[in-house]
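Working notes, beginning with the structure itself.
One-based numbering, in listed order, for ligands and for the atoms of each.
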Amino acid sequence: MITDEIKEVFIEKFGGEGDIRTYFAPGRVNLIGEHTDYNGGHVFPCALSMGNYAVARKRDDNIIRWFNMTYPDNGIIVADINELEPNDNGKWYDYQEGVIWAFQQNGYQVPSGYDMVMKADLPAGSGLSASASIEELAAVIIRDLFAINISMEDCAVMGQYSENKYNGMNCGIMDQFASAMGKKDCAIFLDTATLKYEYVPLNLKNEKIVITNSKVKHSLADSAYNNRRRECEEALKDLQKVVNINTLGDLDEDGFEKYKSSINSGVSERRAKHAVYENRRTIEAVALLRNGDIKGFGDLMHDSHVSLRDDFEVSCKELDILAEEAWKLPYVLGSRMTGGGFGGCTVSIVENDHVDEFKEVISKIYKEKTGLTCEFYISDAADGAGRIDNY
Ligand code: GLA
């Protein structure tokens, strides 16, 4: 077990005495609703069974001592919880420290530091929200070790707050929400304007959700993400001059077509078009899934990819190859890029009996076309972050 292994390292580095506790926070895959979460739209992610695990024990002073078995070369990170400074270095410990800082900034008392060893079974930088998983891991550790009275929804909010304000990444709430609030065998239909959500059972009897990792992460992905967000905000400002809306999510397709000429730049218009149409697709896709129409759901995944590729321009050659080749296969019901884009993963719905064939065909073509070897993960939808030892 991965947790036994982590505990052994914890004892070796920090000693075995006292109240040592074990935690897990999952990564996520988003089924549909991409780049809608900072536009007041809907998203439909589920938590994965892969994520980050930690073993932790509180200390009596303000010091943190952390070791990550996934990055052993970083050694033991030592810091004072009252001297944390926002930065955009993007190291694993920056995401974890950011959450302590976010709790402090939002009036939660973090009374002391803690010793911690962690390890991931989720690939970082692949669009499966490894960083949100680290943030939610930190949130549940702090919440539990110091018995802080905070809901899991607010743990998600703390994660987003820290990523925005401590790590300089202007992300929406989807990833942290999925990691904090995941539920076994369900996806989360979340309205990011209100944070109202519903769990929708993924009753896939004849199909599996297959994640394909392109194994590329293009540089500048973070700055491109922040640019997309800015372009959407510009479009919203222009639209607000002619129509009374709070977010792009308040418009439907007809509303967008009616008012789109008020948007000053062609680029912002295409970004806003994606945000509006993707939000409507997400609402429709969930209704189809509830009616058992997996084929209809898959068709909307296709449309989502096309819109992300052409209007939002966050796909890349490698993701396009993976999705477009998957669309050609009769046993694939839907396939699209998932997450922020510019590399990372696609998500596909594949008939059970053809999963092996899917992997073979896609890896062969992908290798031929890119020279790269892709990786596949089949993960059930899993529960959200929390303490996982028996207590
Ligand atoms: C990243 C962000 C999320 C969301 C997606 C795109 O994963 O962290 O908030 O915006 O991109 O849907």
Side-chain angles (χ1 to χ4, degrees), residues 25-48 51 88 90 95 98-99 122-136 156-182 187-193 195 197 211 213-214 217-218 220-233 247-249 271-272 274-279 281-282 285 300-301 304-305 307-309 311-316 319 336-347:
R28 67 94 189 90
V29 65
N30 188 23
L31 301 178
I32 194 160
E34 215 67 80
H35 288 275
T36 49
D37 66 345
Y38 49 87
N39 287 308
H42 292 74
V43 293
F44 195 51
C46 54
L48 298 171
D88 58 4
Y95 292 110
V99 174
L122 173 78
S126 58
L128 300 177
S129 295
S131 47
S133 140
I134 295 179
E135 289 154 10
E136 293 314 307
V157 172
M158 287 303 111
Q160 185 201 13
Y161 182 94
S162 68
E163 191 157 336
N164 290 173
K165 304 232 175 343
Y166 192 88
N167 309 109
M169 167 70 179
N170 238 338
C171 63
I173 187 76
M174 168 170 73
D175 305 348
Q176 292 79 9
F177 202 92
S179 180
M181 300 294 295
I188 310 172
F189 182 42
L190 170 69
D191 179 348
T192 62
L195 292 193
Y197 64 95
I211 298 167
N213 188 347
S214 69
K217 176 160 171 67
H218 292 287
L220 301 181
D222 287 3
S223 58
Y225 182 96
N226 287 343
N227 287 341
R228 293 298 181 283
R229 186 162 181 165
R230 188 177 37 72
E231 288 156 358
C232 288
E233 280 159 9
T247 67
L248 294 177
R271 306 301 190 236
H274 167 78
V276 170
Y277 278 70
E278 179 77 355
N279 181 38
R281 263 193 292 276
T282 306
L300 292 175
M301 290 172 76
S304 166
H305 185 89
S307 175
L308 288 157
R309 183 190 67 193
D311 285 334
F312 217 68
E313 295 180 283
V314 290
S315 188
C316 60
L319 290 173
R336 56 181 287 275
M337 57 154 278
T338 182
F342 307 102
C345 295
T346 60
V347 57

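Without hydrogens or angle criteria, Thr192 side chain to His42 main chain gives no donor-acceptor distance under 3.5 Å.
We find the CE-CD1 distance between Met181 and Ile188 to be 7.0 Å, quoted to the nearest 0.5 Å. Atom NZ in Lys165 sits 8.0 Å away from atom CG in Asn170 (nearest 0.5 Å).
Here the protein heavy atom with the shortest distance to atom 9 (O) of ligand 1 is Asp37 OD2, 2.6 Å. Closest to atom 5 (C) of ligand 1 among all protein heavy atoms lies Met174 CE, 3.8 Å. Distance from atom 1 (C) of ligand 1 to its nearest protein heavy atom, with residue and atom name: Asp175 OD2, 3.6 Å.
Residue Cys171 approaches ligand 1 through these ligand atoms, each under 4.0 Å from one of its heavy atoms: 2 (C), 8 (O), 9 (O). Listed by number with element, the atoms of ligand 1 under 4.0 Å from a non-hydrogen atom of Gly172 are 9 (O). Every atom of ligand 1 with a heavy atom of Arg28 under 4.0 Å away is listed here by number and element: 7 (O).
Checked by distance only, ligand 1 and Glu34 come closer than 3.5 Å through their nitrogen or oxygen atoms.
At a 4.0 Å heavy-atom cut-off, ligand 1 does not touch Arg229 at all.
Closest approach of Val314 to Arg228, counting heavy atoms only: CG1-NE, 3.7 Å. Listed here is the closest heavy atom pair of Ala224 and Phe342: CB-CZ, 3.4 Å.
When each of Met337, Arg336, His35 is paired with Ser304, the side-chain contact (heavy atoms from CB on, under 4.5 Å) condition holds for Arg336 and for no other.
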Given the rule in the side-chain hydrogen bond (donor to acceptor under 3.5 Å, both in side chains) test, do Gln160 and Gln176 qualify, once you have shown the distances and angles that lead to the verdict? CA-CA 6 Å; Gln160 185 201 13; Gln176 292 79 9; over 6 Å; no
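The heavy atom nearest to atom 2 (C) of ligand 1, out of those in Tyr225, Tyr38, Phe177, is found in Tyr225.
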